[in-house]
Amino acid sequence: MALSMRTLSAKTAAPRGFAGRRVAAVSNGCRVVMKAGNWLPGSDAPAWLPDDLPGNYGFDPLSLGKDPASLKRFTESEVIHGRWAMLGVAGALAVELLGYGNWYDAPLWAVNGGKATWFGIEVPFDLNSLLAFEFVAMAAAEGQRNDAGGVIYPGGAFDPLGFAKDSSKAGELKLKEIKNGRLAMVAFLGFVAQHAATGKGPLAALGEHLANPWGANFATNGVSVPFF
């Protein structure tokens, strides 16, 4: 009886683990990188969109990128527009956060014949002088980019901190940039629509919404959903 009990106990006991040092991670020296998911689940990704294209989620429903030259131009345009949008969103939020008005009223001096201001300080230049300066500055920047081959990631003077020197992280940084750029483009479109509906800046509208979420939102502004 005692022998039977010992045999049953040995059979039902939990299996013993491997006695040895714990392995932190198993690796064969290869890194697996998975392709980003498709924007439309279950659909086939367009063959003309390369897998190594930053932010490629297979979105090209009108087949605009079939032509390689057009795809290159659209890719460059999206990145540049995203960079401008990130600057625009940061500037729109900063000017309102610091109490210098809102982004919509900022350029009205050019229409009303006033003077431009920078953080509350009057700028001693008229509109024509500012346009001329901007033209020269943009031409110089684009000239340097074209000298580097007209690429959207020229490096050098455009990468003063050397982030892109590490090739293992360059792809990750490109993906983050295009994601942030796309988010900024959508955000600024929201700023425009919000001001058209409420006449308020983004932070003022956000403050009202946080104070009264059910009473101040897109459905109650009288424009987005007209019958409310």
Side-chain angles (χ1 to χ4, degrees), residues 34-43 45 49 53-62 64-65 74-123 125-127 130-131 134 138 152 163 172-228:
M34 297 186 66
K35 182 181 180 297
N38 226 24
W39 73 280
L40 184 62
S43 65
L49 296 180
L53 183 67
N56 175 21
Y57 291 91
F59 182 80
D60 190 11
L62 300 180
L64 299 177
F74 292 149
T75 301
E76 292 178 355
S77 298
E78 183 183 27
V79 173
I80 293 174
H81 290 161
R83 290 169 180 171
W84 277 113
M86 286 187 282
L87 288 172
V89 168
L93 294 177
V95 69
E96 187 176 355
L97 182 64
L98 296 175
Y100 293 108
N102 60 65
W103 68 270
Y104 188 83
D105 294 332
L108 292 183
W109 64 270
V111 179
N112 300 329
K115 287 279 189 177
T117 59
W118 186 78
F119 289 100
I121 303 174
E122 188 175 288
V123 178
F125 301 106
D126 59 10
L127 179 60
L130 291 174
L131 289 176
E134 181 179 358
M138 290 298 300
I152 50 179
F163 288 132
E172 179 184 354
L173 294 175
K174 291 177 182 178
L175 179 60
K176 288 181 177 180
E177 182 187 34
I178 193 62
K179 284 184 174 181
N180 290 332
R182 289 169 178 171
L183 180 61
M185 287 188 280
V186 174
F188 202 84
L189 179 62
F191 290 178
V192 174
Q194 181 183 64
H195 190 276
T198 66
K200 298 181 176 65
L203 295 182
L206 177 62
E208 289 187 2
H209 172 69
L210 293 177
N212 184 13
W214 297 107
N217 54 64
F218 81 99
T220 62
N221 60 32
V223 177
S224 301
V225 185
F227 52 83
F228 266 38

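Because the structure is a prediction, the values reported are computed rather than measured.
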Looking at F163 and L173, what are the two nearest heavy atoms and their distance? O-CD1, 3.6 Å

Value for CZ (F59) from CG (N38), rounded to nearest 0.5 Å, stands at 11.0 Å

Could you give me the CA-CA distance, side-chain angles and deciding distance for T75 and L53, then say whether side chain to side chain contact (heavy atoms under 4.5 Å, CB included) is met? CA-CA 9 Å; T75 301; L53 183 67; 3.9 Å; yes

Side-chain heavy-atom pair L203, L97 within 4.5 angstrom cut-off: yes

Are M86 and N180 side-chain neighbours, meaning at least one heavy-atom pair lies under 4.5 Å? yes

Between N112 (side chain) and G114 (backbone), is there a donor-acceptor pair under 3.5 Å? no

F188 atom CZ, neighbour heavy-atom count above 12 within 6.0 Å: yes

Can you see which heavy atom on P202 is nearest to which on L93, and at what distance? CG-CD2, 3.8 Å

Do V123 and T117 have side-chain heavy atoms sitting under 4.5 Å apart? no

For E208 versus K200, what's the shortest heavy-atom pair and its separation? OE2-CE, 2.7 Å

Measure the CG-CD distance between D105 and E96 for me, rounded to the nearest 0.5 Å. 10.0 Å

Answer yes or no: is there a side-chain heavy-atom contact under 4.5 Å between Y104 and V192? no

Euclidean distance, L183 CG relative to I178 CD1, rounded to 0.5 Å: 11.5 Å

Are R182 and M185 close enough that some pair of their side-chain heavy atoms sits under 4.5 Å apart? yes

When W84, W103, F191 are each screened for side chain to side chain contact (heavy atoms under 4.5 Å, CB included) with V89, the one that passes is F191

Counting only heavy atoms not in K115, do more than 12 fall under 6.0 Å of its NZ? yes

Can you see which heavy atom on V79 is nearest to which on E177, and at what distance? CG1-OE1, 4.1 Å

Output for pair (F74 CZ, L64 CG), nearest 0.5 Å, gives 5.0 Å

Could you tell me which non-hydrogen atom of T220 sits nearest to which non-hydrogen atom of G215, and how far apart they are? OG1-O, 2.9 Å

Please check: side-chain N/O of H209 versus main-chain N/O of A216, any donor-acceptor pairing under 3.5 Å? yes

Please find the pair of heavy atoms, one from L130 and one from A116, that lie closest to each other, and give the distance. CD1-CB, 4.1 Å

Would you indicate whether F125, at its atom CZ, is surrounded by more than 12 heavy atoms from other residues, nucleotides or ligands within a distance under 6.0 Å? no

Backbone N or O of A197 within a donor-acceptor pair of the N221 side chain at under 3.5 Å? no

